[in-house]
Amino acid sequence: MPIKVPWLKGVFPALVTPFESGSEAVDEEAYRRLIRHALPNVDGIVTSGTTGEFPYLTREEQRRLVEIGVEEADGKPVVAGCGASSTQEALTLARDARDAGASAALIVTPYFLHPSDKGVYQHFYDIATAVDLPIILYNIPQVMDRYLPRTVVEDLADLPNIIGLKDSSGNLTYTMEVLEYAGDRIDVFVGHDEVVLPALAGGVSGMILASAQVYPEVWQEVIRLLGAGQVDDARAKQRKVQKLSRIFCRHGGGVAVKAALKMMGLDMGPPRRPLKSVGGALIHETRAEIRLELEKLAKVPIGGTAFQYPDGPLAERFNDLEIAADDIVEHGLRIGSGVAGQGVNQVQIDLIAGGKETPLGDAYALQMTYPFHRREALTAILEPALTVRPSTLLLPTLPQRNLRQANMIYGPAQSALGRAIVDALESQHIPQQAVDDDVMIALVTLHPRAMNRHALAQSVHAAASQAIDQAFVPSPAPGDQAPTLSSSKGEGWGEGQE
Amino acid sequence: MGHKTDWFKGIFPALVTPFTGDGVDANAYRELIRFVLPHVDGVVPCGTTGEFSYMTLEERKRAVEICLDEVDGQVPVLAGTGCTTTRETVALTAWARDAGADGALVVAPYFLKPSFNEVYDHFRAVDEVSLPIVMYNIPQCAGTHFRWWTAEGGLLDFENTIGIKDSSGDLPFMEAMFEKVKGEVSIFVGHDEVVQAALGAGADGAILASANLIPDVWQKVYQATQEGDLATAQEWQQKVQKLVRIVVRCGSNQACKEGLRMMGVDVGDSRHPIVPGGAFRREDREELRLQLEALGKIDRRPVTYDLGHKRVMTDLYATHHTPDPIADWTMKVGEGFAGPPFQELAHVDLLIGLKDGPVGRAIERSLAEWGEERGLRTVGGRPLTLLVPTVTIRTDKQRRLFERVAAGVKLAIDLSIEDGFLPEPILDDVALIVNAFVHPAASIAKRVEFNNYKAARHAIRKAVEGRPTVDELIAEKAAARHPFRYAP
């Protein structure tokens with residue numbers, strides 16, 4: 001008779017496996033630190049799962065991870081990942097896990113070659129009948145390229161040793177189907193960080209997650225709130241970690257988790273090759289986003305943000321470009337300024353436009369050779385290969401200290417500036433004459449902690465439109481038109497989404 | 001039983017449909033038909049490339065009428081009559097029979113996904129129209145991929161079936177067709193990238209999007225294959241492989257239409273939601289143009305460069321994009337973008353301008369003041385070209401990769417001198433600044449080099465020709481999507 005085990009519920013982290021740089025050896029001390037870090041907020045741990053890079057580990061290494069897990073887990077259950085392509089190897093790993101003291105084996109759908117449904121059933125049957133260790137089935141089609149068929153799960157659930165299923169698909173239609181057909185006999189766990197709340201609401205017993213070593217306390221809260229019927233509060237918790245969960249699930253897996261842990265002071269080393277710490281599945285830009293999200297969760301300290309929006313007479317703000325107030329008058333250059341957005345989404349744009357044969361033309365060409373380190377200018381575009389006219393450079397006024405800041409300038413700011421310019425072409429605020437004769441440089445100041453791309457794009461568009469109108473709509477002597485920050489703060493752009 | 005006809009063989013273009021604001025542009029359509037007719041064995045109005053799914057029934061009938069009238073019996077006309085419902089398909093096929101079409105190309109009913117027995121009954125109903133029918137397999141669009149047994153059943157059971165067009169590119173499927181029905185009905189390939197392979201393996205002909213652009217090349221492939229000269233057929237397929245890959249994979253309707261316009265046959269743009277710069281991306285347009293030039297499909301003609309102090313005539317591959325004369329050489333701005341892969345993509349900001357103007361002065365000064373420290377360098381001999389890394393070079397790997405950028409940019413300049421965009425007489429008058437982005441995680445050196453070649457070559461042309469134009473910018477403003485605008 002199948003029996004559910006009482007301990008299979010709650011929050012289980014799928015631990016990363018720490019490696020030493022260079023040798024790629026398992027770093028046992030780091031593993032112990034990781035378990036001690038996670039333990040207070042979890043109900044058990046999982047060794048050598050997908051997040052733990054199990055296909056890159058030897059049999060001996062996997063057994064050692066279980067041993068360390070049992071030593072450190074303080075009596076909490078240790079689930080050993082025992083996935084393998086062949087039945088024989090999975091069997092061997094499961095026996096090792098039992099000998100090392102594991103509470104259960106987590107066994108993935110056999111992969112690479114494509115056994116039939118019959119073959120898949122036989123795989124789990126052979127293991128379940130040969131090893132005296134509870135087994136949790138594991139469905140993760142993203143990496144295995146196939147689902148563990150529901151009909152197979154339905155039959156396997158009859159075997160006494162099969163106690164559960166981890167479903168990492170994120171496909172709730174599958175989750176609901178296995179609950180429907182096997183939920184009376186086995187516990188179903190969710191393994192996809194993005195859908196924890198809906199899966200719990202649908203009836204799963206717990207979770208095995210990559211993110212449960214980064215923010216297990218959030219998941220404990222989700223369980224508690226849902227149990228207390230506080231669904232709105234539970235939703236808010238899930239929403240708070242939605243983006244970071246998405247990054248872990250879709251943009252790098254264990255590599256992204258290691259990057260997050262390192263930012264939190266837990267250095268788990270690099271992944272094993274061919275994976276790269278950064279620059280592979282986890283790209284630099286996304287790593288920068290991880291830090292941002294950890295700042296929001298107060299998992300890492302927030303860096304200093306002392307800075308100032310440019311002030312003083314507008315005509316003197318282009319001195320950096322070697323354009324003095326006198327040059328502006330002498331060469332008939334147009335200037336304008338705009339400010340929009342609130343809080344960290346406040347944007348200031350100081351714009352200068354004029355003929356190519358003026359000092360502005362020289363400044364334009366010179367900026368393309370980037371005289372200002374970390375303030376590299378770039379061309380205003382709607383999207384790559386759609387350069388706006390008149391040709392316009394975006395020049396950040398503040399040095400870009402990290403990739404996240406650069407992302408804000410070179411993504412939302414660049415595209416919104418481009419759109420504001422084309423809008424002004426369409427409304428003929430920028431005259432036809434200027435399209436071929438003029439160039440423009442926009443000095444753009446973003447808050448160093450700006451992070452909401454949508455709000456930022458709206459702020460940049462509004463500020464740039466103000467600046468363009470001020471520059472191109474006839475006005476008295478230039479230099480008197482600088483709006484003050486207090487008077488020109490944009491209304492209605494929403495709060496910073498920190 | 002299906003049967004083979006003696007006319008359904010050879011090269012059939014899937015004609016694009018030129019549109020006016022509210023209907024079919026008859027004059028442009030006739031011009032297109034006259035353009036392809038000397039090289040083809042038949043034509044297909046209202047196929048997938050003809051945007052049949054964006055046309056009303058009345059427009060489809062109008063297009064077939066124009067086509068029948070212009071072709072005037074010189075070659076067979078195979079009318080696309082497939083619709084989502086059986087009722088409409090039967091009605092339109094019956095109309096095509098009465099209008100005088102030689103046959104109908106009928107796509108698997110699409111969008112909702114009928115099961116194979118429903119598809120079978122669909123074709124059985126169409127069979128009763130008594131017009132020769134070509135079954136049409138295009139799973140990329142229709143969502144239904146025939147299996148050999150369904151195709152065999154349909155082909156052999158129905159009296160009026162004369163063939164199958166397979167656009168899947170799935171050669172195992174086509175081989176199964178040869179095994180089951182070869183000789184009994186015609187088997188046509190509809191995927192431009194595997195034409196020679198399919199003809200060589202025994203296909204009877206091809207219905208192709210790219211036969212709007214290069215019907216003569218496909219006729220050569222077909223004839224060579226018929227004569228058993230596989231080497232010649234392979235050679236031509238390889239010559240056009242890149243062109244047809246661009247067409248097939250990058251928005252074939254719009255690609256064909258823009259290609260035709262570059263060749264002087266103005267058939268307008270596709271209907272929305274297909275947009276210029278959409279599936280057929282701007283960088284694809286530049287590459288398609290280069291391919292058409294290489295095949296001799298775009299002529300060189302003299303264009304005047306007015307440098308102020310002197311005027312220069314240059315022979316270049318001019319299209320409707322090319323202004324004449326090209327004036328104001330103080331400072332021209334061009335941008336190029338090329339990929340994939342993501343981390344090896346190239347993004348080039350480029351300036352061309354007079355040496356004694358802002359561009360020349362900036363080069364002189366930056367080389368003197370921060371050239372060494374920032375890794376600035378000149379590329380090649382003439383024209384004076386300063387290469388600037390957008391992202392500061394910090395590691396040896398980045399330094400090595402930037403050498404490949406330099407090689408790519410040099411190639412772009414050399415070829416632009418050769419093709420007339422940078423003519424010899426201006427090389428001592430102008431200078432270039434090429435600001436090139438290399439992603440810090442870039443690895444694949446060959447892609448970095450080639451992408452920078454492409455981006456730089458595109459940027460040179462766009463700077464010289466003043467593209468994108470204000471009209472293009474305004475038209476594309478709303479739909480433009482900057483890839484870094486969004487969070488992961």
Side-chain angles (χ1 to χ4, degrees), chain A residues 243 246-247 250-251 276 278-280 283-286 289 355-357 360-371 373-374 376-379 381-389 391 403 407 410-412 414-416 418-419 421-423 425-426 432 435-437 439 451-454 457, chain B residues 277 281-283 328 330-331 333-337 342-343 345 347 349-351 353 357-363 365-367 369-371 374 376 386 388-392 433 435 437 439-443 458 462 466-470 472-474 476-477 480-488:
Chain A
K243 181 166 166 183
R246 182 165 62 246
I247 289 172
R250 299 194 222 175
H251 300 278
K276 297 180 181 180
V278 69
I283 61 175
H284 292 73
E285 289 83 349
T286 305
E289 296 286 334
K356 297 171 187 168
E357 302 274 18
L360 179 58
D362 281 283
Y364 191 106
L366 195 67
Q367 287 305 320
M368 294 294 290
T369 71
Y370 88 94
H373 189 47
R374 291 190 182 280
E376 291 82 0
L378 71 170
T379 310
I381 59 175
L382 288 174
E383 63 181 29
L386 267 183
T387 333
V388 305
R389 300 180 159 260
S391 300
L403 192 56
N407 283 352
Y410 300 139
Q414 191 190 22
S415 64
R419 189 158 297 192
I421 293 167
V422 180
D423 282 344
L425 282 175
E426 191 174 32
Q432 181 65 33
V435 169
D436 292 321
D437 294 352
V439 291
M451 61 186 77
N452 180 330
R453 287 176 171 82
H454 184 254
Chain B
R281 301 165 303 177
R282 310 217 137 259
E283 57 266 38
D328 185 16
T330 308
M331 181 164 69
V333 176
E335 180 210 6
F337 181 77
F342 175 79
Q343 290 173 345
L345 61 77
H347 200 173
D349 282 330
L350 178 138
L351 301 180
V359 177
R361 286 193 290 270
I363 292 174
R365 182 171 159 198
S366 51
L367 273 178
E369 290 185 20
W370 51 77
R374 301 279 174 86
L376 309 190
L386 183 74
V388 182
T390 312
V391 176
T392 314
I433 295 173
N435 188 303
F437 169 80
H439 195 284
S443 274
H458 302 171
K462 290 166 75 179
R467 293 185 287 121
T469 65
V470 171
E472 284 175 317
L473 287 169
I474 290 173
E476 294 182 35
K477 173 190 65 168
R481 303 187 66 72
H482 191 299
F484 302 125
R485 155 68 183 80
Y486 306 95

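Order of the sequence lines fixes the chain letters, A, B, ..., with proteins taken first and strands second; residue numbering starts at 1 for each chain.
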Engaged part of [X] at the chain A interface, taking heavy atoms whose separation is under 4.5 Å:
X        : result
B:Arg481 : both
B:Arg467 : backbone
B:Asp328 : side chain
B:Ile433 : side chain

Nearest heavy-atom approach of B:Pro468 to A:Arg389 is O-NE, 3.0 Å
Does any backbone or side-chain atom of [X] lie under 4.5 Å from a heavy atom of chain B? Answer side chain, backbone, both or neither.
X        : result
A:Arg246 : side chain
A:Asp436 : backbone
A:Leu403 : neither
A:Tyr410 : backbone
A:Lys356 : both
A:Glu426 : both
A:Arg250 : neither
A:Val422 : both

Do side-chain atoms of [X] reach the backbone of [Y] as a donor and acceptor pair under 3.5 angstrom?
X        : Y        : result
A:Arg419 : B:Ala480 : yes
B:Gln343 : A:Gly279 : yes
A:Arg453 : A:Gly411 : no
B:Asn435 : A:Met368 : yes
A:Glu376 : A:Arg374 : yes

Would you say the side chains of B:His439 and A:Glu285 form a donor-acceptor pair under 3.5 Å?
yes
Can you find a side-chain donor-acceptor pair between B:His458 and B:Glu335 that sits under 3.5 Å?
no
Side chain proximity check, A:Leu378 to B:Phe437, heavy atoms < 4.5 angstrom
no
Looking at [options], which makes the most heavy-atom pairs under 4.5 Å with chain B?
options                                : value
A:Ser391, A:Pro371, A:Gly418           : A:Pro371
A:Asp437, A:Leu386, A:Ile381           : A:Leu386
A:Leu366, A:Val278, A:Ile247, A:Thr286 : A:Leu366
A:Val439, A:Asp423, A:Leu425, A:Asn407 : A:Asp423

